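Please read all numbers here as calculations on a predicted model, not as lab measurements. The first residue in the sequence is number 1, and the count goes up from there.
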Amino acid sequence: MASALFTRWFQLQVFTPGFRKHLAADPSAPWCSPDPAQRLLVDVIRLRRRLTPYAESSGADQDLAPHVPRARAASRRSADFTRDAVSLGPQSFGPSLRVIPAPPAATEALPVALPPENGWIDFWTGAAYAGGQTVRVAAPLEQVPIFVRAGTILPLAAGDEGAARAPCPLEIRIYPGTDGSFLLRERIDEKYAGHASIVFEWDERERTLRVGPLGSPKRQALPRRLKIIVVHLGRGIGAECPQRPDLEVDWQGKPLRLGLPPSAPRRNIPALHSPRAVTVFR
């Protein structure tokens with residue numbers, strides 16, 4: 001139980017500003033431990049490193065966006081994880097991700113209360129839910145439950161080696177359900193003194209993604225390869241890399257308008273406007 005509890009604490013801590021357990025010189029680092037449970041921590045570290053483009057652009061780095069809160073404290077309604085829904089609202093990582101506190105024991109039916117103002121998509125399954133309801137999701141020990149706001153454009157480093165700096169390839173995940181946009185901000189020189197931006201805009205009705213530079217010609221983002229995935233049930237999910245994209249393009253700094261294929265039907269999942277509660281696991 002002690003190692004499982006530590007794993008759960010670690011999974012939440014890795015999505016906070018105070019995370020420091022990744023130091024290579026620390027002999028208690030998970031890759032130095034013979035405990036298989038602690039080896040699970042390596043996976044969440046890799047996920048956090050893949051999220052570097054999103055985190056740096058949305059306020060994870062105070063030098064880029066000091067006015068944006070990087071994370072908010074987690075809370076829940078009571079001490080009984082199995083009976084009461086976990087509150088999603090107060091726990092956030094940037095504007096679009098919600099990280100859910102989970103009990104030390106793995107469970108197939110963790111109740112989660114979704115905020116009413118949006119549709120939400122399970123990061124690990126691609127299942128979409130209307131807001132304002134309570135759903136039950138799996139919470140195995142090796143996964144921290146994460147929900148993504150509908151309309152999110154999520155840039156991920158196309159590798160887990162931590163070199164999430166321009167001009168690395170990017171995996172661009174689109175979480176459909178409504179229109180959305182994302183301003184990717186990146187450092188463009190070796191001293192990280194200069195910044196450039198790329199604007200992504202998703203049109204839900206037209207199913208098009210617009211990509212364009214932002215800023216002066218002297219501070220344009222560097223060309224890079226974009227691997228674009230429209231997320232749906234069982235597609236564009238989890239932390240695995242690489243994944244087969246719906247579209248792959250070499251962006252050269254010029255505005256693009258890209259058409260994406262229709263999404264697969266969301267069988268057994270309510271439409272984002274539906275007020276009905278659902279049970280995913282019984």
Side-chain angles (χ1 to χ4, degrees), residues 47 50-51 53-54 88 93-100 108-110 112 114-140 143-158 169-182 184 200-211 225-249 256-282:
L47 170 59
R50 286 204 69 201
L51 283 166
Y54 164 80
L88 244 168
F93 184 64
S96 302
L97 271 60
R98 298 295 184 267
V99 184
I100 312 303
E108 289 294 309
L110 178 68
V112 177
L114 301 172
E117 68 273 13
N118 297 100
W120 296 91
I121 299 172
D122 190 320
F123 178 81
W124 300 105
T125 67
Y129 305 98
Q133 62 177 317
T134 296
V135 299
R136 295 182 179 273
V137 300
Q143 290 181 2
V144 52
I146 301 173
F147 279 82
V148 186
R149 190 189 304 270
T152 293
I153 299 173
L154 183 65
L156 298 171
L170 287 177
E171 180 180 307
I172 305 297
R173 292 190 189 178
I174 301 170
Y175 291 81
T178 185
D179 295 346
S181 63
F182 188 82
L184 177 72
F200 296 88
E201 296 179 328
W202 169 248
D203 187 310
E204 177 73 12
R205 186 176 66 86
E206 298 292 335
R207 297 197 63 79
T208 58
L209 178 68
R210 295 181 178 87
V211 185
R225 194 161 191 80
L226 303 178
K227 301 179 180 182
I228 303 165
I229 302 175
V230 179
V231 176
H232 56 77
L233 192 61
R235 176 98 170 107
I237 60 175
E240 292 81 7
C241 177
Q243 298 195 17
R244 181 173 58 86
D246 293 310
L247 187 63
E248 193 165 351
V249 298
L256 292 177
R257 184 176 184 272
L258 308 170
L260 276 297
S263 62
R266 299 171 185 265
R267 289 184 290 274
N268 301 322
I269 303 298
L272 290 178
H273 64 272
S274 170
R276 293 189 301 112
V278 298
T279 298
V280 182
F281 298 95
R282 295 186 183 275

Contacts of Leu184 that satisfy side chain to side chain contact (heavy atoms under 4.5 Å, CB included) - sequence neighbours left out: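 With neighbours one apart ignored, the set is Pro53, Ser57, Pro155, Leu170, Phe182, Glu186, Ile198, Phe200, Arg224.
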
Set of residues satisfying side chain to side chain contact (heavy atoms under 4.5 Å, CB included) with respect to Pro145, sequence neighbours excluded: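 Residues passing side chain to side chain contact (heavy atoms under 4.5 Å, CB included) with Pro145: Ile100, Ala102, Leu110, Ala139.
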
Arg257 pairs by side chain to side chain contact (heavy atoms under 4.5 Å, CB included) with which of Thr208, Asp203, Val211?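 Option passing the side chain to side chain contact (heavy atoms under 4.5 Å, CB included) with Arg257: Thr208.
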
Does the side chain of [X] reach to within under 4.5 Å of the side chain of [Y], using non-hydrogen atoms?
X      : Y      : answer
Pro176 : Glu204 : yes
Arg173 : Phe123 : yes
Arg98  : Leu114 : no
Leu47  : Ile146 : yes
Arg235 : Arg244 : yes
Val137 : Phe147 : yes

Please report the closest heavy-atom contact between Ser181 and Ile153, naming both atoms and the distance.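 Between these two residues, the closest heavy atoms are CA-CD1, 3.9 Å.
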
Atom of Trp202, atom of Arg207 and distance for their closest heavy-atom approach: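 Result for this residue pair: CH2-CA, 3.6 Å.
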
Can you measure from [atom1] ([X]) to [atom2] ([Y]) and round to the nearest 0.5 angstrom?
X      : Y      : atom1 : atom2 : value
Ile121 : Ile174 : CD1   : CD1   : 11.0 Å
Ile228 : Leu258 : CD1   : CG    : 5.0 Å
Leu97  : Tyr54  : CG    : OH    : 4.5 Å
Glu171 : Leu226 : CD    : CG    : 11.0 Å

